[in-house]
There are 2 protein chains.
Amino acid sequence: MSTTSAAGKRAQAKIEYDAFLAVCPSRKLLERVSDKWVTLILAALGSGPDCQGGPRPMRYSELSRLLAGVSQKMLTQTLRALERDGLVSRTVTPTVPVTVTYELTALGLSLHETMRTLKRWAESHMDQVLASRAHHDRAAQSE
Amino acid sequence: MSTTSAAGKRAQAKIEYDAFLAVCPSRKLLERVSDKWVTLILAALGSGPDCQGGPRPMRYSELSRLLAGVSQKMLTQTLRALERDGLVSRTVTPTVPVTVTYELTALGLSLHETMRTLKRWAESHMDQVLASRAHHDRAAQSE
DNA sequence: CAGTATCCAGCTAGATACTG
DNA sequence: CAGTATCTAGCTGGATACTG
């Protein structure tokens with residue numbers, strides 16, 4: 001069945017668009033970065049536990065304590081993903097019990113720097129967004 | 001029951017951390033931006049249908065055609081959210097049938113500009129990430 | 001300490017059908 | 001044309017229990 005119908009063309013366009021998105025670098029980056037814990041881990045490793053100061057390695061338990069909301073499952077899963085992507089390095093020291101530290105790689109550090117651009121936008125513009133949101137909701141309220 | 005036990009302190013820390021995240025501007029921005037269709041609509045309205053050239057208003061059907069993968073539900077839902085946040089403006093022209101155009105606001109445009117920073121990072125570094133990922137997977141394969 | 005394994009509730013987003 | 005309404009499958013992520 002060749003795709004000559006309108007529905008067929010739409011389906012075809014969708015498949016092609018999906019294929020385009022699958023190779024789009026920006027989209028891949030967003031998929032990695034838009035994870036809740038990814039950015040928080042990046043920030044923790046990139047700015048230290050107090051969110052100011054330089055990047056420094058941190059232990060699993062230290063991260064776990066700092067990101068108080070994270071489950072073990074998600075922390076491990078996220079760290080593994082970041083390691084796989086070359087953004088974070090994992091170092092095991094065979095003490096008893098074992099010591100594991102995580103640290104941003106050069107690549108991870110450069111991504112962290114880039115993310116700070118977003119942070120700056122958020123800090124200077126999110127109040128506007130929030131104001132607009134509140135205004136919009138108030139208008140809807142009094143209908 | 002006061003939180004004096006270790007488990008209680010952990011639970012307390014988690015609640016406080018959640019509260020912190022709830023007011024963190026960066027987090028709020030990420031929550032908005034990390035939606036699949038948000039960035040694509042921002043890009044469409046900000047760079048035109050051919051992804052090069054300046055921002056320009058687009059009609060609902062035009063967006064629908066350009067973002068071939070989007071469902072009507074998600075397109076409408078996303079546009080409404082962007083409008084609520086003051087990033088996109090919606091204009092209805094009472095022709096027959098009705099014509100609706102969407103356009104980036106100044107705020108939306110400034111966010112779009114910021115997002116291009118991420119795009120640039122993706123274009124120059126995602127190949128490294130992908131290479132690391134492939135390398136990692138190959139190593140796991142031959143275990 | 002630093003994980004792994006399993007189960008499942010909740011939310012999201014797609015498909016589908018209908019409308020001013 | 002530009003939506004709204006509804007249903008549901010599938011995935012995500014949290015809770016929980018166990019381990020080298």
Side-chain angles (χ1 to χ4, degrees), chain A residues 6-8 10-11 13-15 17-18 21 31-41 44-45 57-84 88-103 140 143, chain B residues 6-8 10-11 13-15 17-18 21 30-32 34-41 44-45 57-84 88-103 140 143:
Chain A
R10 245 178 288 123
K14 185 174 171 178
I15 290 167
Y17 191 72
D18 286 347
L21 290 185
E31 266 164 21
R32 173 71 27 266
V33 146
S34 71
D35 183 278
K36 177 174 180 179
W37 302 113
V38 163
T39 47
L40 290 168
I41 291 177
L45 294 176
M58 291 178 76
R59 297 182 59 173
Y60 182 90
S61 52
E62 202 175 357
L63 283 167
S64 176
R65 230 171 302 117
L66 188 62
L67 315 185
V70 74
S71 63
Q72 284 190 322
K73 179 188 173 182
M74 289 318 292
L75 181 54
T76 303
Q77 199 175 100
T78 308
L79 286 168
R80 291 281 185 274
L82 291 175
E83 191 194 0
R84 185 170 98 106
V88 157
S89 68
R90 177 175 181 268
T91 312
V92 181
T93 313
T95 50
V96 181
V98 68
T99 304
V100 181
T101 59
Y102 293 91
E103 186 172 11
E143 251 174 25
Chain B
R10 247 178 288 124
K14 185 174 171 178
I15 289 167
Y17 192 72
D18 286 348
L21 290 185
L30 278 169
E31 266 163 23
R32 171 73 29 265
S34 70
D35 184 278
K36 178 174 180 180
W37 301 113
V38 164
T39 47
L40 291 169
I41 290 176
L45 294 176
M58 291 178 76
R59 297 180 60 172
Y60 182 90
S61 53
E62 201 174 358
L63 282 167
S64 177
R65 227 170 305 117
L66 187 62
L67 314 185
V70 76
S71 64
Q72 285 190 322
K73 178 187 172 183
M74 290 317 293
L75 182 53
T76 302
Q77 199 175 99
T78 309
L79 286 169
R80 290 280 186 276
L82 291 174
E83 190 193 1
R84 184 170 99 108
V88 158
S89 68
R90 177 175 182 268
T91 312
V92 182
T93 313
T95 51
V96 181
V98 68
T99 305
V100 181
T101 59
Y102 293 91
E103 185 172 11
E143 250 174 25

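Sequence lines set the chain letters: A, B, ... in the order given, protein chains first and strands last, and positions in each chain run from 1.
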Should [X] and [Y] count as side-chain neighbours, where that means a heavy-atom distance under 4.5 Å?
| X | Y | result |
| --- | --- | --- |
| A:Lys36 | B:Leu30 | no |
| A:Asp18 | A:Lys14 | yes |
| A:Val70 | A:Ile41 | no |
| B:Tyr102 | B:Leu75 | no |
| A:Leu40 | B:Leu21 | yes |

**OP:** Assign each of A:Tyr102 and B:Ser71 to its nearest nucleotide of DNA chain C by heavy atoms, then name whichever residue's nucleotide is nearer the 5' end.
**Re:**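 In this pair, the answer is A:Tyr102.
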Rounded distance (Å) that lies between atom [atom2] of [N] and atom [atom1] of [X]:
| X | N | atom1 | atom2 | result |
| --- | --- | --- | --- | --- |
| B:Leu67 | C:dG14 | CG | P | 12 Å |
| A:Asp35 | C:dT12 | CG | P | 15 Å |
| A:Lys14 | C:dT16 | NZ | C1' | 12 Å |
| A:Arg10 | C:dA15 | CZ | C1' | 13 Å |
| B:Gln72 | C:dG14 | CD | P | 13 Å |

**OP:** Verify, without hydrogens or angle tests, whether A:Thr76 (side chain) and A:Gln72 (backbone) share a donor-acceptor contact under 3.5 angstrom.
**Re:**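 The answer is yes, because a donor-acceptor pair under 3.5 Å joins these two groups.
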Subject >> Whether A:Thr78 side chain and A:Met74 backbone form a donor-acceptor pair below 3.5 Å >> reply: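 Checking the backbone N and O of A:Met74 against the side chain of A:Thr78, a donor-acceptor pair under 3.5 Å is found.
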**OP:** Can you see which heavy atom on A:Leu66 is nearest to which on A:Ala44, and at what distance?
**Re:** CD2-CB, 3.7 Å
Original post:
Where each pair must be Watson-Crick or G-U wobble with both distances under 3.5 Å, what dot-bracket representation of DNA chain C is obtained, with crossing pairs in [ ] and other-strand partners as |?
Top reply: ||||||||||||||||||||
**OP:** For DNA chain D, note the earliest and the latest nucleotide, 5' to 3', having some atom under 4.0 Å of a heavy atom belonging to chain A.
**Re:** D:dG13 to D:dA17
Subject >> Whichever of A:Met74 and B:Arg90 has its nearest DNA chain D nucleotide further upstream toward 5' >> reply: B:Arg90
Original post:
Which part of the nucleic acid, if any, lies within contact of B:Lys73, taking any heavy atom under 4.0 Å across all strands shown: a base, the sugar-phosphate backbone alone, or nothing?
Top reply: base
Original post:
Given the rule in the side chain to side chain contact (heavy atoms under 4.5 Å, CB included) test, do B:Thr101 and B:Thr93 qualify, once you have shown the distances and angles that lead to the verdict?
Top reply: CA-CA 8 Å; B:Thr101 59; B:Thr93 313; 5.5 Å; no
